[in-house]
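Accompanying notes for the structure given below.
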Amino acid sequence: MALRGDGLLTHDLLPDEKGPQDACGVFGVWAPGEEVAKLTYFGLYALQHRGQESAGIATSNGEQLLVYKDMGLVSQVFDETALNALTGHLAIGHTRYSTTGASTWENAQPTLGATASGTLALGHNGNLTNSAELVDLVAERYGPQRRGELARGNTTDTALITALFAGDPDHTLEATALEVLPRLRGAFSLVFMDEHTLYAARDPQGVRPLVLGRLERGWVVASEIPALDIVGASYVREVEPGEFIAIDSDGLRTQRFAPVERAGCVFEYVYLARPDTTIAGRSVHAARVEMGRRLAAEHPVEADLVIPVPESGTPAAVGYAAASGIPFGQGLTKNAYVGRTFIQPSQTLRQLGIRLKLNPLREVIRGKRLVVVDDSIVRGNTQRALIRMLREAGAAEVHVRISSPPVKWPCFYGIDFATRAELIATGLGVEEIGASLGADSLGYISQEAMIEATEQPASQLCTACFSGHYPIELPPESRLGKQLLEQNELPLGAPEDGLSTLMSTSGGATALEHP
């Protein structure tokens with residue numbers, strides 16, 4: 001097999017900077033008579049912001065289930081030839097950022113498993129918090145030897161879900177899933193399928209978004225509404241927290257596997273979700289503009305121009321400008337084609353840092369007192385480099401305003417922040433952070449104002465990364481961690497080399513051999 005990249009995708013903005021990494025994107029479609037692989041491709045294209053490390057699609061024609069996945073962006077993984085080979089009437093797709101397990105081909109999704117009556121393919125957005133407990137459950141039910149994806153080197157919590165869903169030879173996939181789902185803890189928005197049926201499920205807290213859409217000849221489930229829009233599906237509703245959905249030739253059926261305990265991720269409103277989506281009835285763009293308005297009220301300053309850090313800071317900057325009366329302007333231009341890449345920058349390019357992605361419009365900012373609006377600060381390296389660049393371009397003053405509170409705590413529900421020791425807000429006050437960045441002033445929105453901008457009850461939001469209050473109970477620290485399943489001492493034994501068990505078909509179309 002010719003290797004198509006090592007999977008070590010990097011940020012060209014500042015290669016050593018670790019910002020808030022997105023969760024994953026999931027998509028599923030049941031639509032006889034449609035080109036479901038191409039619908040899934042475009043759905044994933046709309047969800048590319050949620051994960052850029054790997055992408056995959058599984059399809060079924062009712063008799064055979066095929067999967068094609070690889071490292072890279074959706075547009076890098078798939079071409080016309082690959083999509084034309086993926087025929088059928090239902091499909092699921094996944095675009096990944098690794099929040100559990102390393103960024104490797106073995107950990108790409110959809111995952112596969114053999115069920116009592118066929119094949120399972122599964123995609124997962126989120127992060128489980130009781131993976132160690134589930135490892136024990138897999139070992140208890142199916143023995144200490146790794147099976148399926150776990151045997152092939154997959155070290156994700158998704159592989160554990162797959163093992164539990166696929167392992168029961170005496171029950172249908174649907175019955176097994178309904179028995180297992182209440183035992184999962186943490187964040188999970190799932191799409192999965194066998195040869196005939198599309199399934200979706202969402203954790204009782206509804207941490208990550210999941211929506212249902214209608215096609216003329218079928219149904220769609222996706223992480224966000226823009227993925228419905230791009231394939232021409234009309235929005236029906238959210239998949240409810242604790243809800244299980246099945247779609248087949250008999251139509252759509254739904255049942256609840258757990259009571260609702262809503263705790264949606266507030267950071268979806270701040271940064272993760274696309275601005276053109278809606279979560280829990282609230283426009284994300286409108287929420288971000290309102291965060292900017294409230295930020296202006298809480299942290300006013302005399303200035304000449306409000307500029308965003310594109311693109312994530314733009315809606316809040318619009319709101320800040322409108323509320324403050326300070327003109328809005330584009331003081332930074334962004335290279336849209338510099339994002340994630342397999343190519344490591346040279347040392348010379350590393351020294352240029354932020355200029356690889358952002359460049360100042362000198363004639364706009366020269367001599368001006370600037371308000372620079374961004375969505376969050378994690379380590380602070382990006383903002384520090386940006387402020388230095390703006391001063392070199394002639395800015396008279398640089399006042400930084402942030403449309404979220406200080407990030408002080410790690411996320412265990414599907415966002416990969418830097419460690420707590422690396423977070424600039426750990427142990428430093430706001431003035432100290434501002435001085436460290438080189439800003440003339442620094443202001444963060446209050447947690448109360450941020451929540452009010454979402455128009456959601458505070459009791460129905462997860463603010464753990466800001467407040468340290470985790471709505472889903474966490475196990476002891478020794479039973480948490482991104483590399484938990486990579487430990488050889490687990491009761492499942494050591495994983496094998498995943499590639500050695502696969503046939504040398506590009507994309508792994510024959511990745512499943514029934515155990």
Side-chain angles (χ1 to χ4, degrees), residues 22-30 40 43-44 46-47 49-50 92-95 123-127 177-178 181-182 184 186-192 198-215 218-247 251-288 413-415 451 453-463 471-472:
D22 301 4
C24 299
V26 295
F27 185 90
V29 56
W30 189 92
T40 305
L44 293 181
L47 299 172
H49 63 289
R50 299 190 69 86
I92 66 169
H94 188 270
T95 182
H124 171 209
N125 172 208
N127 202 48
L178 285 168
L181 285 168
L184 306 182
F188 55 92
S189 286
L190 304 176
V191 294
F192 55 105
L198 173 67
Y199 301 98
R202 193 176 180 202
D203 64 78
Q205 288 74 28
V207 177
R208 300 281 153 234
L210 193 63
V211 295
L212 175 69
R214 191 77 164 99
L215 288 168
W219 297 88
V220 176
V221 289
S223 292
E224 296 183 33
I225 291 174
L228 306 182
D229 297 337
I230 200 172
V231 299
S234 58
Y235 171 74
V236 175
R237 62 175 176 85
E238 287 194 347
V239 176
E240 288 294 312
E243 183 181 13
F244 173 84
I245 289 176
I247 302 167
L252 181 147
R253 58 188 182 275
T254 177
Q255 55 186 301
R256 186 165 297 285
F257 64 85
V260 177
E261 301 174 17
R262 193 178 287 273
C265 173
V266 74
F267 209 74
E268 293 278 356
Y269 292 96
V270 172
Y271 172 77
L272 290 183
R274 281 176 51 146
D276 53 344
T277 197
T278 298
I279 300 176
R282 176 60 163 161
S283 159
V284 169
H285 178 265
R288 291 175 185 170
Y413 308 136
I415 308 173
I451 290 173
T454 70
E455 297 185 348
Q456 306 302 310
S459 62
Q460 296 185 10
L461 288 172
C462 174
T463 60
I472 306 169

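For the numbers below, each heavy atom of this structure counts, side chains included, while hydrogens, waters and symmetry mates do not. Here the structure is a predicted model, which means the values were calculated and not measured. Position 1 is the first residue of the sequence; numbering continues from there.
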Go through the structure and list residues passing side chain to side chain donor-acceptor pair (under 3.5 Å) with [X], not counting sequence neighbours.
X	answer
E238	R202
S234	none
E261	Q205

Nearest-0.5 Å distance, [atom1] of residue [X] to [atom2] of residue [Y]:
X	Y	atom1	atom2	result
C24	H94	SG	NE2	4.0 Å
I247	L252	CD1	CG	4.5 Å
D229	Y235	CG	OH	11.5 Å
N125	D203	CG	CG	9.5 Å
N127	R208	CG	CZ	9.0 Å
Y271	I415	OH	CD1	10.0 Å

Indicate the atoms forming the closest heavy-atom contact of [X] with [Y], along with that distance.
X	Y	value
L181	F257	CB-CD1, 3.7 Å
V231	G43	CG1-N, 4.1 Å
G28	V191	N-CG1, 4.4 Å
V260	R256	CG2-NH1, 3.2 Å
A287	T454	CB-CA, 4.3 Å
G186	I472	O-CD1, 3.6 Å

Discussion item. Which residues pass the side chain to side chain contact (heavy atoms under 4.5 Å, CB included) test with I230, not counting sequence neighbours?
Written reply: F42, A46
Fill in: Donor-acceptor pair, side chain of T278 and main chain of G281, under 3.5 angstrom
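Checked: no pair found.
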Worksheet item: Quick one: does Q456's side chain have a donor or acceptor within less than 3.5 Å of a partner on A280's backbone?
Response: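 Yes, Q456 side chain to A280 backbone: donor-acceptor pair under 3.5 Å.
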Tell me, do [X] and [Y] make a side-chain contact under 4.5 Å, heavy atoms counted?
X	Y	value
V239	V211	no
T254	E243	yes
I279	Y269	yes
P204	F188	yes

Fill in: Test side chain to side chain contact (heavy atoms under 4.5 Å, CB included) applied to Y413 and C265, step by step
CA-CA 9 Å; Y413 308 136; C265 173; over 6 Å; no
Partners passing salt bridge (Lys or Arg N to Asp or Glu O under 4.0 Å) against [X] (at least two apart in sequence or in another chain):
X	result
E455	R282
E240	R262
R253	E174, D248

Using atom types as modelled, flag every donor-acceptor pair under 3.5 Å from a side chain in residues 218-226 to any protein atom, sequence neighbours excluded.
unit_1, atom_1, unit_2, atom_2, d
S223, OG, V26, N, 2.9
E224, OE1, R274, N, 2.9
E224, OE2, H49, NE2, 2.8
E224, OE2, R50, NH1, 2.7

Fill in: Set of ring pair (Phe, Tyr, Trp, His ring centres under 6.0 Å) partners for F244, sequence neighbours left out
Y199
